[in-house]
Amino acid sequence: QKEVEQDPGPLSVPEGAIVSLNCTYSNSAFQYFMWYRQYSRKGPELLMYTYSSGNKEDGRFTAQVDKSSKYISLFIRDSQPSDSATYLCAMTASGGSYIPTFGRGTSLIVHP
Amino acid sequence: DTAVSQTPKYLVTQMGNDKSIKCEQNLGHDTMYWYKQDSKKFLKIMFSYNNKELIINETVPNRFSPKSPDKAHLNLHINSLELGDSAVYFCASSQRGSESQHFGDGTRLSIL
């Protein structure tokens, strides 16, 4: 079992839909949770960052962490075709090397 | 101004050749990284440099040798290229103690 599991998709939704992207992990030492967005032929860019459990909202994006279940989510409201990309979750342990462990990414397609 | 830039963007070469990839960041960060993203999209850390010193060297064949002439540059030299080296190589940078990393757009290496 990999440390971070993420369904590769693709996930195809109509414009305006609410999208839910998820990751599970096995290392209980993970404290910092990130979501990166990667467009085709581009490098990943940091989208959201959360420390420990709870929710964080930024515009149409909400990141949720449930440490008791070792489960994190990214919700996208009112999805747009420009949201079509691969979304990678990443996480690090506190006091560590700050090198994140990445999920393999979920490919999202938002069609008009 | 591009924050993290890599050259070349594409590299097509034959097995057995030696090649180099260059990376430069203008963010003033003190830590730089090399990642390999395989065909299944897994991002795996290869090397991490802090203030020109190697701090992480994951299990990578010694055909791969990073060099950091200064804090803003991290190059990757690969000897005796093999078919399995075909992948996208990403350079990234961060400020030590920060979980967020800034990525370049990758170098797509294809071995014939």
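Taking hydrophobic clusters as Ile, Leu, Val, Met, Phe, Trp and Tyr residues chained together by side-chain heavy-atom distances below 4.5 Å, B:Ile78 does not share a cluster with B:Ile45. Neither B:Leu76 nor B:Tyr33 shares a network with the other; the hydrophobic side chains, linked directly or stepwise wherever heavy atoms of I, L, V, M, F, W or Y lie under 4.5 Å apart, form separate groups for each. The hydrophobic clustering, which links ILVMFWY residues whose side-chain heavy atoms are closer than 4.5 Å, places A:Val13 and A:Phe61 together. Hydrophobic clustering (side-chain heavy atoms under 4.5 Å, transitive across Ile, Leu, Val, Met, Phe, Trp, Tyr) groups A:Trp35 together with A:Val65. Both B:Leu109 and B:Phe64 are assigned to one and the same hydrophobic cluster, defined by single-linkage of ILVMFWY side chains at heavy-atom distances under 4.5 Å.
Residues A:Leu88 and B:Lys41 approach most closely at CD2-O, 4.4 Å, considering heavy atoms. Contact detail for B:Phe42 and A:Arg104: the closest heavy-atom pair is CE2-CB, 3.3 Å. Across every non-hydrogen atom of B:Phe90 and A:Gly43, the tightest pair is CE2-CA, 3.4 Å.
Looking at B:Leu43, the atoms closer than 4.5 Å to chain A (heavy atoms on both sides) sit in the backbone and in the side chain alike. Only the side chain of B:Gln37 has a heavy atom closer than 4.5 Å to any heavy atom of chain A. Both the backbone and the side chain of B:Ser100 come within contact range of chain A, each with at least one heavy atom under 4.5 Å from a heavy atom of that chain.
The environment of NZ in A:Lys67 is crowded: more than 12 heavy-atom neighbours from other residues, nucleotides or ligands sit within 6.0 Å.
Listed by first then second residue, pairs satisfying side chain to side chain donor-acceptor pair (under 3.5 Å) with a partner in residues 81-93 of chain A read A:Arg60-A:Asp83, not counting sequence neighbours.
Here B:Ser94 contributes atom OG and A:Ile99 contributes atom CD1; the two are 7.0 Å apart, rounded to the nearest 0.5 Å. Rounded to the nearest 0.5 angstrom, A:Tyr36 OH and B:Gln101 CD are separated by 5.0 Å. Between B:His102 atom NE2 and A:Leu46 atom CG the span is 7.5 Å, to the nearest 0.5 Å.
Counting heavy atoms from C-beta outward, B:Arg108 and A:Arg41 have side chains that approach closer than 4.5 Å. Using a 4.5 Å cut-off on side-chain heavy atoms (C-beta onward), A:Gln38 and B:Phe103 make no contact. With contacts defined as side-chain heavy-atom distances shorter than 4.5 Å, the pair A:Pro100/B:Tyr35 qualifies.
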